[in-house]
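Here's the structure, in structure tokens; my notes come after.
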Amino acid sequence: MAYGDLDKNGNGASAYGQGTIALVDVEWVKDNAAIMNSVYGAGSLGATEVLIDNGGETADARVSLRGGQEVVGLIELNGVGHAWPGGDKGTEWISGGAYVNKSGFAYPVYLTQWLFENNLRAGGIVIPGNYPPVISLPAGPYIYDMGDDCVPSATAYDIEDGDLTADIGVSGSVNCNAAGSYTLIYSVTDLDGASDFETITITVNGPGPNFDEEASGTCTAHYMAGRLSVSEFISCGSANGYSSSVTLYKFGSCWTESSDGDGC
């Protein structure tokens, strides 16, 4: 469990004194740690160890042990107030809002590693020393009309290396002006050689019907609406029955039963 040293009764120094945000008393978190120690039968919290993430941000960690294994951890995040410590070093207000601290210690990375390494049920899972990057694409299906921009933009992020969008490679080809089905493969590799790839299928639709309008109704209804002349009305009724529904297609000022424009 963790708290920011700028929260109420924290250790962080600021122009306003301790507890810049002053929403949650850090003593609550310390009490919770003591309770968890009791629940799990662990010893008292040990000495403080300074943690440093890849961006140089720090946190002070104290852990309790049971049988030589870490059971409870209490982390004081330096320079963090009452916010989830995202730690991706971006600008705080760009994404996540006021409740995500984008410049503090990368606590999510530390917490994930700690939970894997100290899982009491799994007997100690060894996690990779390098996390692979992740490519993100807009949700499919990827269906476009001819002439559209039919190549989706992708982003890539890596826990250790940050934004790798500029390093994404795309293999395969697509012609946005020709109907067909195309395959594109997006790939990216981080600085330690781990990689990710995404394969998508892009469909480019051919041109749609080129008629201006369509209308369904009986031959009589079409005649009353001005879509058929007298001779066309008689021909329509003779061919389809005067009470049957018929679909007509308009090309310019001409109406015909053919969606290809035959008869106009």
Side-chain angles (χ1 to χ4, degrees), residues 1-7 21 49-61 70 73 75-119 122 124-144 148-174 176 182-203:
M1 51 197 70
Y3 63 88
D5 67 350
L6 295 183
D7 219 331
I21 309 300
E49 175 189 1
V50 178
L51 307 175
I52 304 176
D53 68 11
N54 287 344
E57 302 289 346
T58 61
D60 298 327
E70 294 184 10
I75 313 296
E76 181 180 83
L77 304 162
N78 297 323
V80 175
H82 187 62
W84 175 256
D88 70 358
K89 312 302 178 281
T91 302
E92 179 173 356
W93 302 98
I94 295 300
S95 62
Y99 296 103
V100 176
N101 188 314
K102 309 292 265 187
S103 60
F105 180 78
Y107 178 64
V109 177
Y110 170 83
L111 178 62
T112 301
Q113 293 174 333
W114 191 91
L115 290 174
F116 271 107
E117 293 169 355
N118 298 283
N119 190 318
I125 299 174
V126 178
I127 63 173
N130 174 48
Y131 287 88
V134 177
I135 293 176
S136 298
L137 281 156
Y142 307 102
I143 301 175
Y144 305 89
D148 291 346
D149 181 359
C150 65
V151 180
S153 297
T155 60
Y157 184 80
D158 183 77
I159 290 178
E160 293 87 6
D161 302 328
D163 187 359
L164 296 180
T165 300
D167 298 321
I168 295 176
V170 182
S171 60
S173 61
V174 55
C176 299
Y182 305 88
T183 299
L184 292 182
I185 301 175
Y186 295 74
S187 59
V188 67
T189 302
D190 68 16
L191 297 180
D192 292 310
S195 60
D196 184 30
F197 69 91
E198 294 288 340
T199 301
I200 65 172
T201 299
I202 294 173
T203 300

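These values consider heavy atoms only, across backbone and side chains, with no hydrogens, waters or symmetry-generated copies.
- Listed for the D148 side chain is no donor-acceptor partner under 3.5 Å among the backbone atoms of C150.
- Nearest heavy-atom pair, P133 versus L164, reported as atom, atom and distance to 0.1 Å: CB-CD1, 4.0 Å.
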For D60 and N78, what are the C-alpha separation, side-chain angles and deciding distance, and is it a side-chain contact (heavy atoms from CB on, under 4.5 Å)?
CA-CA 8 Å; D60 298 327; N78 297 323; 3.7 Å; yes
Mind running side-chain contact (heavy atoms from CB on, under 4.5 Å) on T155 and I135 for me, showing each step along the way?
CA-CA 6 Å; T155 60; I135 293 176; over 6 Å; no
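- In summary, of the residues considered (S171, S136, P152, S153), a side chain to side chain contact (heavy atoms under 4.5 Å, CB included) with Y186 occurs for P152 alone.
- Of all heavy-atom pairs between D158 and D161, the closest is OD2-N, 2.8 Å.
- Taking all atoms of both residues into account, the shortest heavy-atom contact from Y3 to E76 is OH-OE2, 3.0 Å.
- Remark: T112 OG1 to Y107 OH distance equals 9.5 Å, nearest 0.5 Å.
- Judged purely by atom type and a 3.5 angstrom limit, T165 uses its side chain to pair as donor or acceptor with the backbone of A156.
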Between D5 and L77, is a side-chain contact (heavy atoms from CB on, under 4.5 Å) present by the stated rule, with each step listed?
CA-CA 6 Å; D5 67 350; L77 304 162; over 6 Å; no
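- Residues satisfying the side chain to side chain contact (heavy atoms under 4.5 Å, CB included) test with S195, not counting sequence neighbours, are T189.
- Minimum heavy-atom separation, E70 to W114: OE1-NE1, 2.6 Å.
- Residue Y110 holds its OH atom at 9.5 Å from CG of L115, rounded to the nearest 0.5 Å.
- The structure places CD of E160 at 9.5 Å from CG of L191, a figure rounded to the nearest 0.5 Å.
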Under the side-chain contact (heavy atoms from CB on, under 4.5 Å) criterion, do L51 and F105 qualify, and how do the steps go?
CA-CA 9 Å; L51 307 175; F105 180 78; 3.9 Å; yes
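- Residues I185 and V170 have side chains not in contact (no heavy-atom distance under 4.5 Å, counting atoms from C-beta outward).
- Using a 4.5 Å heavy-atom cutoff, the side chains of L137 and Y142 are in contact.
- I75 and A61 get closest at one heavy-atom pair: CD1-CB, 3.4 Å.
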